2 protein chains.
Amino acid sequence: MERLRIAIDAMGGDYAPREIVKGSLDFARRNPGVEVVLYGEETPLRRALASFKPSKHGNVSAVYCGPSVGMGESPVEALRSKTDASIPRAVEAVSNGEADAFFSAGNTGVCVAATTLKWRLLPGIRRPGIALPFPTLDGFVLTIDMGANVSSKPEHLLGYAVMGSVYAEKLLGVPNPRVALLNVGKEERKGTPLVLEARELLSASHLNFVGYIEGNHLLDGDADVVVCDGFVGNVLLKTAEGVTELILKQIKRAIKRSPITYLAGIATKPAFRKVKKQIHYSNFGGAQLLGVNGVCVIAHGRSDAKAVSNGLKITAEVVRKRVNDMIVAGMERISLSRSASQGG
Amino acid sequence: MERLRIAIDAMGGDYAPREIVKGSLDFARRNPGVEVVLYGEETPLRRALASFKPSKHGNVSAVYCGPSVGMGESPVEALRSKTDASIPRAVEAVSNGEADAFFSAGNTGVCVAATTLKWRLLPGIRRPGIALPFPTLDGFVLTIDMGANVSSKPEHLLGYAVMGSVYAEKLLGVPNPRVALLNVGKEERKGTPLVLEARELLSASHLNFVGYIEGNHLLDGDADVVVCDGFVGNVLLKTAEGVTELILKQIKRAIKRSPITYLAGIATKPAFRKVKKQIHYSNFGGAQLLGVNGVCVIAHGRSDAKAVSNGLKITAEVVRKRVNDMIVAGMERISLSRSASQGG
């Protein structure tokens, strides 16, 4: 069997290339069936590769690229002026059939723009969306879009629902996923025109649509997939991060205030570590950019080696489980039922 | 000196009228200078009043109203068919000069609609906004709008910035508050057309505008006032609630798993209680509906007596500190500088 190949942007992320390379090597050592190809500037990439234990499976290679895209660069500008950078080169490798998937912890906007331009979108999809599984008390809720498209239309949200549903079923193993729409209330007529129109589309679809969900119930486990506009999703994701950090800091500070709680706090540390691990982004490693005609997994900018290794595991799984083929089938079903209802 | 009078919707909220009445009586006992007038249906209101210790200051009275507005009712429908309900009656009392402020833990949409219709808006303000102080590690960040207006225009966000700035200065004691705009990134050109246009307006204003802020930095203390559209604000507020609950549940569960952490957990309980108290909504009690021509404080639907009592304290303070007069002055300054720049 031919090896599955992942083209990795070694230059993207706050700790690139070091942590990206470290995580990629770690992944390669554990997964002899996958070939990792690191794209990056020669000097820093060589240096990073030299400082970690290589994979004995011969499944790691490097492609040297031109100056990289920075985290704050505009997608249009970056793709025009830096055609030889790691992101466009790695994306190109997938178009050319040299790789099966693309992974980056770099500039999300540039990744979205490069894959959309070079790979185009899947049939029926109008906008790509970033899907991320959030931890709940006993499982996950997949939220989409986390910021690929900050000005959604109702049709885009319908596409997200189809894509999220496929992802939840294939990757998270949820049969017939319950799809909810994020809103400011539970009542049918509440919300923006965007939400009200998306509700109509979702109700008429084959999806297991369960209605609106509010932010405070997002993590209750009442829905498997939650759909929202990318601006809202991005705020939601980042606020959840900020709140988590604040609470853990506050608890730490409160515990340190008295000698009794301080001593007891030392004993409760393993419990805290467990919770931190459970809610920590690095355990998810990456969010798939759904809707583009190829596999692209985007990791958090703060990804460390562990997050990268987990992200690559997800990437390989997305390719193997043929998530994109299932999305195409789902969108066909939507368009068939629409033309049937229009024809009748 | 004449007593300050607050018209209270005794029927609104998940634990109404009991907790509303209990909190109001508690507040009245501690604040002889304020008169509380409870609006509600006769039977339940009488019963609730009879079951708690009265105020010896003679500063509590009741006004019996018709059938109340439910939490899920549409504002338009409710205000048309239930003109004798507690919300419209209490709002009316402020219009008639029978009260100085209105307080409710009931249907937010109905409160916004009733006050906007009966009191109208302050000069220069196009849409009211709900302002809520979020706890940070060492203070507060005032966020506006938390859901009064779910389809904002750039002009509305400018109004929120002026109102939030006044509120932060007068109520939270922050001199020259730093105002930020919630966005998906820090870079100048990032964001929706709404955010980009609001940025222009804010940059040109007299406010201490410090640029964009992302959700993960909302609670870092880098801004005193954060402005956003009501849909986003509502999601943000509720997600923060949901995340907080989830984390505390996870920690509890993790602590209970081993006998050592379980025992130590008992000792750390005071620290947890402290944190819970710090982040618990009932300590804020209420959010002012800013922009209407009158004082309206809206409390969380889940408000208990303590939250109500705290909310009434805020209500009295808003009246005394003449927040609305300062907002009018702020909006005049905006319109003067605009006509000057247009004239020049």
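Since the model is a prediction, treat every value here as computed from it, not as a measurement. Note on naming: letters A, B, ... go to the chains in the order of the sequence lines (proteins, then strands), and numbering restarts at 1 for each one.
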> Atom CG in B:Asn216, atom CZ in A:Arg302: separation rounded to 0.5 Å?
Replying inline: 6.5 Å
> Counting only heavy atoms not in A:Glu245, do more than 12 sit closer than 6.0 Å to its CD atom?
Replying inline: yes
> From B:Lys249 NZ over to A:Leu219 CG, what is the distance, rounded to the nearest 0.5 angstrom?
Replying inline: 9.5 Å
> Where does A:Asn183 contact chain B at under 4.5 Å (heavy atoms): side chain, backbone, both or neither?
Replying inline: both
> Residue by residue, which of residues 147-160 of chain A have a heavy atom closer than 4.5 Å to a heavy atom belonging to chain B?
Replying inline: A:Val150, A:Ser151
> Side chain, backbone, both or neither: which part of A:Ser74 has an atom under 4.5 Å from a heavy atom of chain B?
Replying inline: both
> Can you tell which of A:Pro193, A:Ala240, A:Gly230, A:Gly215 has the highest number of heavy-atom pairs within less than 4.5 Å of chain B?
Replying inline: A:Gly215
>> To the nearest 0.5 Å, what is the distance between CD1 on A:Ile213 and NZ on B:Lys238?
In response: 11.5 Å
> Do B:Phe231 and A:Leu194 come within less than 4.5 Å of each other through their side chains, counting heavy atoms only?
Replying inline: no
> Between A:Leu246 and B:Thr136, which heavy-atom pair has the shortest distance, and what is it?
Replying inline: CD1-C, 3.8 Å
>> So which residue, B:Leu218, B:Leu182, B:Val195, ends up with the most heavy-atom pairs under 4.5 Å with chain A?
In response: B:Leu182
>> So, applying side-chain contact (heavy atoms from CB on, under 4.5 Å) with B:Val232, which one of A:Thr239, A:Val235, A:Val184 is it?
In response: A:Val235
>> For a 4.5 angstrom cut-off between non-hydrogen side-chain atoms, does B:Asp138 reach A:Arg253?
In response: yes
>> Can you tell me which of A:His217, A:Glu214, A:Lys190 forms the most heavy-atom pairs within a distance under 4.5 Å of chain B?
In response: A:Glu214
>> Does any backbone or side-chain atom of A:Glu73 lie under 4.5 Å from a heavy atom of chain B? Answer side chain, backbone, both or neither.
In response: backbone
